[in-house]
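What follows is a single structure, written as C-alpha cells, with notes after it.
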Amino acid sequence: MEEIKRLILGIIPNQKCNLKCEYCYISQADAWKEPGRLRYSAEYIAKCLSKKRLGGTALINLTGNGETMLQADVIPLTRELLREGHFVEIVTNGTITKHINEILKFPDELLSHLFFKISFHYKELKKRKMLELFFDNVNAIKSSAASFTLELMAYDEIEQDIVDIKKICLDKVGAVCQATIGRNDKRKDKALLSEHTVDEFSAIWKSLDSPMTQFKLDTIGKKRKEFCYAGDWSLFVDMYTGESQPCYWQPYNQNIFANPEKPIKFCPVGHTCTQPYCTNAHAHMTWGLIPQLDTPYYADMRNRKCLDGSEWLKSECKSFFTSKLKDQNREYNKMQKIVHNLVYPVKFVGWLMRDLENNIRRIRNYLGRTGKKQ
C-alpha cells in the first residue's frame, strides 16, 4: 500500500472557462483572461517534482482558476507526473470531451493513479443544455481505470432543485453527489456564501448526506491555532513559473523549477497562518496537515458507493486516499516548535521583502476584492 508523503497544490495559469457560474470566485472578482502556455516542458516539471526530490509519493492537484482542461498542456503534464509514480488529481467541470478522452487513452497502470475531481455545475449545465454531454464524460471516466468524484456547489439558488439533483445523479452515476460550500471572497472573513445561517444551510442540504458538506461547515470561520505543517508536508506551486508558497497567502519563498538538482526547502507555516480559517480544510486537514486533529480521511470527502456496488474511488486511489501525511513525515518536538515560532516570522518578512513589488501588487488585488464588505 502506497502512502502519501507530500501534497502538492499546483495552480495552472488559466483563468478562462467555458461556463460562467454565478457563485464562481473568478466571476465575483471579474478576473477572466486567456490561458497562457506552460513555460517548461512536462518532462522538466516532472523532473522538478520527482519522487526523489519530494521524498516519496505525492498527490499532485492540478487546478486552474478557470477550467483546468482548457489548458492543453495539462494532458502531457498529467502523463509525466503519473509516470513519475505520483497520484494526480485534476479539477475539471467535466465538459471538455476531447481532452478527457485523450487522457483516458493512457495505460491503465497510469489511470489507476489518476483522480478526476469533477465539479457538477447543475444549474449552468442545465441552462446550456449540457447535462447529457457532462454525464457521458463522467461515465467514460467511471468505465475507465481512473477514479472520480462529483462535487456540487451547494448554494441558495438551487435549493428547490435538490430532489432533481439527487435523482439525476442516482440515475446517471449510481450515487448522489458530494457537496461543497461557497465562500464570499468579497468579504475579509470569507464567510459562507449564503443568506442562511450555518445551521439553516446545514438543515437544507443534509438530504445529500455529504460528509464534505458537514466537515466544511464545521470548520468554516474557525481560526486554526494549532501547529500546521503546510509548507513542509505540502506546497502551493505555480505550475507556470515554479514559484512556491508554503500555503495560500504566504509569500513565495523559492522557485522549485529553477534548478531540479537543488533540494526543495520544506518549511512549515506552524502558527503563522494568515487566513481567517482553513479555506481548503477538506484537503489540508483531512490529509493531516494538523496532525493533532482527528479528521476524516480524504477518501471520505470524495468516495461514494453506487447502487451496483461499485465505488467512485478504484482500489489504488481508495487505498492511497486513506493514508495520512503524518504516517510518512516527522513531527516537530516541543523545542523545535518554539524555535520555529521565533524564526518563521523573520523568514516571512524576508520572503515578503525579496519580491516586494509583486507581493504589494498581490496584496492590493486581494484588498481590492475584499475591502468593500466585512
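Everything numeric in this text was worked out from a predicted model, so none of it was measured. Each residue takes its place number in the sequence, starting with 1. All values below were derived from every heavy atom in this structure, side-chain atoms included, with hydrogens, water molecules and symmetry-related copies excluded.
Contact check for C267 versus K265: no side-chain heavy atoms found under the 4.5 Å cut-off. Annotation: side chain of Q336 is in contact with side chain of R330 (closest heavy-atom distance under 4.5 Å). Proximity of I264 to R53: side-chain heavy atoms (C-beta onward) are separated by under 4.5 Å at one or more points. Side-chain atoms of K216 and M301, non-hydrogen and from C-beta on, never get closer than 4.5 Å to each other. Residues R304 and C177 fail the side-chain proximity criterion, which asks for heavy atoms closer than 4.5 Å. At a threshold of 4.5 Å between non-hydrogen side-chain atoms, the residues F257 and D238 do not count as touching. Looking only at side-chain heavy atoms (C-beta outward), W205 and L152 come within less than 4.5 Å of each other. Contact check for M239 versus D73: no side-chain heavy atoms found under the 4.5 Å cut-off.
With hydrogens and angles disregarded, no donor-acceptor distance shorter than 3.5 Å links the side chain of K16 to the backbone of L70.
Shown here are the salt bridge (charged side-chain N to carboxylate O under 4.0 Å, His left out) partners of R128, two or more places apart in sequence or in another chain: E124. Not a single side chain to side chain donor-acceptor pair (under 3.5 Å) links N255 to another residue, sequence neighbours left out. Checked against salt bridge (charged side-chain N to carboxylate O under 4.0 Å, His left out), K324 has no partners two or more places apart in sequence or in another chain. For H86, the ring-ring contact (aromatic ring centres under 6.0 Å, His included) test picks out no residue, with sequence neighbours left out. Remark: R224 engages E226 in a salt bridge (charged side-chain N to carboxylate O under 4.0 Å, His left out) (not counting sequence neighbours). For K167, the salt bridge (charged side-chain N to carboxylate O under 4.0 Å, His left out) partners are D171, not counting sequence neighbours.
Pairs engaging residues 166-189 under the ring-ring contact (aromatic ring centres under 6.0 Å, His included) rule: none recorded [sequence neighbours left out]. Every pair passing side chain to side chain donor-acceptor pair (under 3.5 Å) that includes a residue from residues 341-350 is listed here, sequence neighbours excluded: Q250-Y344. Sorted by first and then second residue, the ring-ring contact (aromatic ring centres under 6.0 Å, His included) pairs with a member in residues 41-77 read Y40-Y44; sequence neighbours excluded. For residues 260-280, every residue pair satisfying the ring-ring contact (aromatic ring centres under 6.0 Å, His included) rule, not counting sequence neighbours, is listed here: F227-H271. Residue pairs meeting the side chain to side chain donor-acceptor pair (under 3.5 Å) criterion with at least one member in residues 307-316, sequence neighbours excluded: S112-E316, H113-E316, N303-E311, D308-S310, E311-K318.
Inspection of the Y298 and E89 side chains reveals an N or O donor paired with an N or O acceptor under 3.5 Å. If you check the side chains of S210 and Q178, you find a donor sitting under 3.5 Å from an acceptor. T95 and N93 form a side-chain donor-acceptor contact under 3.5 Å, judged by distance and modelled atom types alone.
The two residues A179 and A154 have their closest heavy-atom pair at CB-CB, 4.3 Å. Between S207 and K166, the closest heavy-atom pair is O-NZ, 3.4 Å. Of all heavy-atom pairs spanning K117 and S119, the tightest one is NZ-OG, 2.6 Å. In terms of heavy atoms, C317 sits closest to L114 at SG-O, 3.9 Å. The two atoms that bring L82 and V88 nearest to each other are CD2-CG2, 3.7 Å, heavy atoms only. Of all heavy-atom pairs spanning P251 and P246, the tightest one is O-CD, 3.6 Å.
In the hydrophobic clustering of ILVMFWY residues, with side-chain heavy atoms under 4.5 Å counting as a link, F106 and I118 come out together. Cluster annotation: Y122 and I204 are assigned to the same hydrophobic cluster (Ile/Leu/Val/Met/Phe/Trp/Tyr, side-chain heavy-atom contacts under 4.5 Å, transitive). Follow the hydrophobic side-chain contacts under 4.5 Å out from L293 and you reach M212 in the same cluster. By the criterion of side-chain heavy atoms lying less than 4.5 angstrom apart, applied directly or through intervening Ile, Leu, Val, Met, Phe, Trp or Tyr residues, L342 is not grouped with V269; the two fall into different hydrophobic clusters. Residues F215 and L192 are members of separate hydrophobic clusters, defined by side-chain heavy-atom contacts under 4.5 angstrom among Ile, Leu, Val, Met, Phe, Trp and Tyr.
Remark: E261 CD to C48 SG distance equals 9.0 Å, nearest 0.5 Å. The line from CG of L289 to OG of S234 is 4.5 Å long, rounded to the nearest 0.5 Å. Expressed to the nearest 0.5 Å, how far CD of Q254 lies from NZ of K262 amounts to 8.0 Å. Between T63 atom OG1 and I11 atom CD1 the span is 5.5 Å, to the nearest 0.5 Å. The CD atom of E84 lies 15.0 Å from the CZ atom of R79; values are rounded to the nearest 0.5 Å. Put simply, OG1 on T78 and CD1 on I90 are 3.5 Å apart, with the number rounded to the nearest 0.5 Å.
Within a 6.0 Å sphere centred on CD of E195, heavy atoms belonging to other residues, nucleotides or ligands number 12 at most. For E132, the CD atom counts as loosely surrounded, since its 6.0 Å shell holds 12 or fewer non-hydrogen atoms of other residues, nucleotides or ligands.
Taking the six-membered ring where tryptophan is involved, the planes of W233 and Y229 are essentially parallel, since the angle between them stays under 30° and well short of 60°.
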Side chain to side chain contact (heavy atoms under 4.5 Å, CB included) between V74 and T92, intermediate numbers included: CA-CA 11 Å; V74 168; T92 176; over 6 Å; no
Verdict with reasoning, W287 to F321, per ring pair (Phe, Tyr, Trp, His ring centres under 6.0 Å): CA-CA 8 Å; W287 281 114; F321 286 12; 5.7 Å; yes
Working for salt bridge (charged side-chain N to carboxylate O under 4.0 Å, His left out), residues K326 and E331: CA-CA 7 Å; K326 65 181 180 181; E331 294 183 45; over 6 Å; no
Could you pull out every donor-acceptor pair under 3.5 Å between side chains of residues 133-146 and any protein atom, sequence neighbours left out?
{"residue": "N137", "atom": "OD1", "partner": "T97", "partner atom": "OG1", "Å": "3.3"}
{"residue": "N137", "atom": "ND2", "partner": "G94", "partner atom": "O", "Å": "2.9"}
{"residue": "N137", "atom": "ND2", "partner": "T97", "partner atom": "OG1", "Å": "3.0"}
{"residue": "N139", "atom": "ND2", "partner": "F135", "partner atom": "O", "Å": "3.0"}
{"residue": "N139", "atom": "ND2", "partner": "K172", "partner atom": "O", "Å": "3.1"}
{"residue": "S143", "atom": "OG", "partner": "N139", "partner atom": "O", "Å": "2.9"}
{"residue": "S144", "atom": "OG", "partner": "I141", "partner atom": "O", "Å": "2.7"}
{"residue": "S144", "atom": "OG", "partner": "A146", "partner atom": "N", "Å": "3.0"}

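The side-chain contact (heavy atoms from CB on, under 4.5 Å) test with I60 singles out one residue from I45, L9, L7, L49, and that residue is L49. Tested against T57, the residues R6, Q328, E2 include a single side-chain hydrogen bond (donor to acceptor under 3.5 Å, both in side chains) partner, E2.
If you look at Y248 and F236, their ring centroids are closer than 6.0 Å.
Using a 4.0 Å cut-off between charged side-chain N and carboxylate O, K47 and E80 make no salt bridge.
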